[in-house]
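Letters go in sequence order (proteins before strands), and every chain restarts at 1.
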Amino acid sequence: MKNWKRYTVTAALPYANGPVHIGHLAGCYLPSDIYVRYLRANKRDVLFVCGSDEHGVPITIKARKEGVSPQQIVDKYHEIMKQSFVDFGISFSIYSRTSSKTHHETASAFFKKMYDEGKFIEQETDQYYDEEVNQFLADRYIVGTCPKCGNENAYGDQCEKCGTSLSPTDLINPHSTLSGAKPVLRKTKNWFLPLDKLQPHIKAYLDEHKDWKVNVYGQCKSWLETGDGLQPRSMTRDLDWGIPVPVAGAEGKVLYVWFDAPIGYISNSIELLPNDWEKYWKDKDTRLIHFIGKDNIVFHCIIFPAMLMEHGEFIVADNVPANEFLNLEGDKISTSRNWAVWLHEYLEAFKDKQDELRYVLTSIAPETKDSEFTWKDYQARVNNELVAILGNLVNRVMVLTDKYFEGNVPDTKGCDDLQKFITEQREKVTQSIEEFRFREALSEVINVARHGNQLLSEKEPWKLIKTDKEQTGVILYDCLQIIANLGILCEPFLPFTSKKIFDMLQLDATAFSWKDIGRQDLVPAGHQLGKAALLYQKVEDEIIDAQIAKLQQTKAMSAPTPEPVKAEPTAKAEITYDDFAKLDLRAGTIIAAEKVEKADKLLKLTVDLGSETRTIVSGIAAHFAPEAIVGFQVCVVANLASRKLRGIESKGMILMADTADGKLEFVSPKNLTANGSMIS
RNA sequence: GGCGAGAUAGCUCAGCCGGUUAGAGCGCAGCACUCAUAAUGCUGAGGUCGGGGAUUCGAGCUCCCCUCUCGCUACCA
């Protein structure tokens, strides 16, 4: 194993369009914080960087919706997020933001250097454009009806109701959110990172890191091996919120948010250490580690490394321990649906109970697969593990020592068996943390407390005191050493608990490091202890019920959203009679239907139009079984330009009507008419 | 459709290179104890390892087929 001189640890930059929730904490910030605290306990040189990610389209949309500027949005959430991290003891060396001056300069210079060295390809592409406000539209600025679930407010890239990924062309009745106009395609110039050409480098890079977590390595391989492999990716966007592209002729364009955001790790390092940052980013003996959620894998394992390699001056990540997702009470966590436990709200209901949440989230962290947070489970883990095992051990030892020895550490020595045991536990925890298995590490910490309880049950000092005070002292001495050792051992996971333990023992926490774990003289003989105080309180049913009720209320409020009330389909622009007259609408009967191979949503229909039969491919497979629609008479747009779909030529279109419940229905003549009859 | 990950006890999850009786915690049952926040300790019951087939002396693990869940990605009125 390489002997690293220092560590640069990054935690994914949270997007500044909402507060931080338990999913963020479990997926990224707790693991990184545990790791960093562990490194610091080992006296390693470590820089822990994070900050708000404040550019990109969703923020501009949110700003528009709330009638404020994007800057106001990010200012608001930056403060909330920053405070949550402070409150939960996430020990960043710096938490800054991508709207900072330093970041603008850094990202701009980064791009400029690559541009000057010809690392980008200039390319014209067709983008959607809003002719009324004279602006290109990102996918998110285009709204229409989701073809899958009928949600009339689906975005051009995704329907948030049913989660389907979309492209703007998928939407029924697409319109610009800026003006309501129908978007048109227009040419625009952007700069692309030729990932296709860089693929060999990326592949070589990944090949050196087959030890990465299976979910991470597998995902990367999938990007390289799917289809034609990596594709060029645009690093600029037509948008007015972000970092201007520092190139002549690029007015009105900004850096792609995924280009600028990871550079934020570097910018924030510069902000903290203006004169000393380079060794954390350019020295081969620095170990760079990115903690992220699984949605960020491609950016941190492929695109950002590609950027760094092409730029040429920087080291790339040695590991990217991405977690999967945390679900909440049976559902995906969602900021927009308000299905989340927000950190700032948690602290209102559970004042000073940061470690309780840190404990539970670490215990159930989605390290290898998606996992689930439920309030009942939270209660059980806090009460049965934290309170009963750890809190109770500390309390009973303190009380016994106070009772039998007036709160003085008995004058004796510890036993070798105990030293051996704790040292072994330290090694287990160490190894688990080094391998990013924090769940396992934490459970070994608890096992130390468990061992203390076993010791007490076995030796029964409350009986022994009646006959042998000296031996009683030995037992309590050992238990006190266990507690002190736990103080160091639990610090990465439960920093607030650790502090309480050291306060109670009247010891200076900073005097100890990781290698002291195992020592039998952490609390010296004769030392006066502080007052016993409970580390944790039991969580009562009422508190939990209130939290569950709160979530149920959220669900009840968001459930009737398929309200077709205000679901007035947005009116399209007015057309003249001549426009209408251009349509050749005819009645036709479906005489055959079959599923199109290798396409989930397509049906190949054969339609009898009287004078001829047509093949029409229609994306309705999700709504109808092929055999069920044969014989239906439908309304056909007969003069629509033909188009190839999945290799089948489609000549015409079937008119469909959205129903109130989000399904589709054929528009049919009420009474059967001759196939081929005009409809007008 | 392609790709990736997953499915193991009632619940949450381990299970390294295929090797004897598949593990842990919680929950449940019983016993012990009373210093402790009715906390702790000990013991026990609970599993066709998603389904089917193959390779092997031997498969939770390898190979093939299938089902379901999550994610990425493609096609789509």
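Applying the side-chain contact (heavy atoms from CB on, under 4.5 Å) rule to A:Ala12 yields the partners A:Cys28, A:Tyr29, A:Tyr265, A:Ile292, A:Asn296; only residues at least two apart in sequence or on another chain are considered. For A:Asp503, the side chain to side chain donor-acceptor pair (under 3.5 Å) test picks out A:Lys499, with sequence neighbours left out.
For residues 446-455 of chain A, the side-chain hydrogen bond (donor to acceptor under 3.5 Å, both in side chains) pairs, not counting sequence neighbours, are A:Arg396-A:Asn453, A:Glu444-A:Asn447, A:Asn447-A:Arg450.
Using a 4.0 Å cut-off between a side-chain N of Lys or Arg and a carboxylate O of Asp or Glu, A:Glu324 and A:Lys294 qualify as a salt bridge. A:Asp370 and A:Lys332 are not joined by a salt bridge, as no carboxylate oxygen comes within less than 4.0 angstrom of a charged side-chain nitrogen.
Distance noted for atom P between B:U55 and B:A9: 29 Å (whole Å). A distance of about 14 Å separates the C1' atoms of B:G47 and B:A7, rounded to the whole Å. Using atom P as the reference point in both B:U56 and B:C75, the two lie 45 Å apart (nearest Å). Nucleotides B:U34 and B:A39 have their C1' atoms positioned 10 Å apart, rounded to a whole Å. Rounded to whole Å, the C1' atom of B:G44 lies 27 Å from the corresponding atom of B:C35. The same atom, C1', is picked in B:U21 and in B:G27; the two are 25 Å apart, to the nearest Å. For the P atoms, the distance from B:C42 to B:C26 is 10 Å, rounded to whole Å. B:A22 and B:A59 are spaced 12 Å apart, taking the C1' atom of each and rounding to whole Å.
An anti base is found at B:G27: its glycosidic angle is more than 90° from 0. In this structure, B:C13 shows a glycosidic angle more than 90 degrees from zero, which is the anti conformation.
Ring geometry, A:Tyr378 versus A:Trp375: the interplanar angle exceeds 60°, so the pair is classed perpendicular (tilted spans 30 to 60°). Classified by interplanar angle (parallel below 30°, tilted 30° to 60°, perpendicular above 60°), the ring pair A:Trp258/A:Phe299 is parallel. Ring geometry, A:Trp212 versus A:His209: the interplanar angle falls under 30°, so the pair is classed parallel (tilted spans 30 to 60°).
Around atom CD of A:Gln537, no more than 12 heavy atoms belonging to other residues, nucleotides or ligands sit under 6.0 Å away. A 6.0 Å sphere centred on NZ of A:Lys353 holds more than 12 heavy atoms belonging to other residues, nucleotides or ligands. Annotation: A:Gln431, atom CD; neighbour count of heavy atoms from other residues, nucleotides and ligands within 6.0 Å does not exceed 12.
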Where do N or O atoms of nucleotides 6-10 of chain B meet protein N or O atoms at under 3.5 Å, pair by pair?
{"unit_1": "B:A7", "atom_1": "OP1", "unit_2": "A:Lys369", "atom_2": "NZ", "d": "3.3"}

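In this entry the distance linking CG of A:Leu230 with C1' of B:C3 reads 13 Å, nearest Å. The separation between A:Asn215 atom CG and B:C3 atom P is 19 Å, rounded to whole Å. If you measure from atom CH2 of A:Trp212 to atom C1' of B:A5, you get 17 Å, rounded to the nearest angstrom. Residue A:Glu372 contributes atom CD, which lies 8 Å from atom P of B:C13 at whole-angstrom precision. Rounded to a whole Å, the CD1 atom of A:Ile297 is 13 Å from the C1' atom of B:C3. Taking atom CD1 of A:Ile465 as the reference point, atom C1' of B:C35 lies 11 Å away to the nearest angstrom. Counting to the nearest Å, the P atom of B:U73 and the CD1 atom of A:Ile302 are 12 Å from each other. Atom CD in A:Glu367 sits about 18 Å away from atom P in B:A5, given to the nearest Å.
At the heavy-atom level, A:Ser371 lies under 4.0 Å from the strands shown only through sugar-phosphate atoms.
Using modelled atom types, one finds a donor on one side chain and an acceptor on the other under 3.5 Å when comparing A:Lys213 with A:Asn323.
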Once base and sugar-phosphate atoms are separated, protein heavy atoms under 4.0 Å mark nucleotides 37-45 of chain B, 5' to 3', with B, S and - as B-SSSS---

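Looking at the side chain of A:Lys332, the nearest of the listed nucleotides B:G71, B:C35, B:C13 is B:G71.
A donor-acceptor contact shorter than 3.5 Å is absent between the side chain of A:Gln231 and the backbone of A:Leu195.
With pairs defined as Watson-Crick or G-U wobble and both atom distances under 3.5 Å, the stems of at least three pairs that touch RNA chain B come out as B:1-7 with B:67-73, B:10-13 with B:23-26, B:28-32 with B:40-44, B:50-54 with B:62-66.
Summary of the strand contacts: A:Asp377 and A:Lys294 both lie near RNA chain B, and taking for each the nucleotide with the nearest heavy atom, the more 5' one is attributed to A:Asp377.
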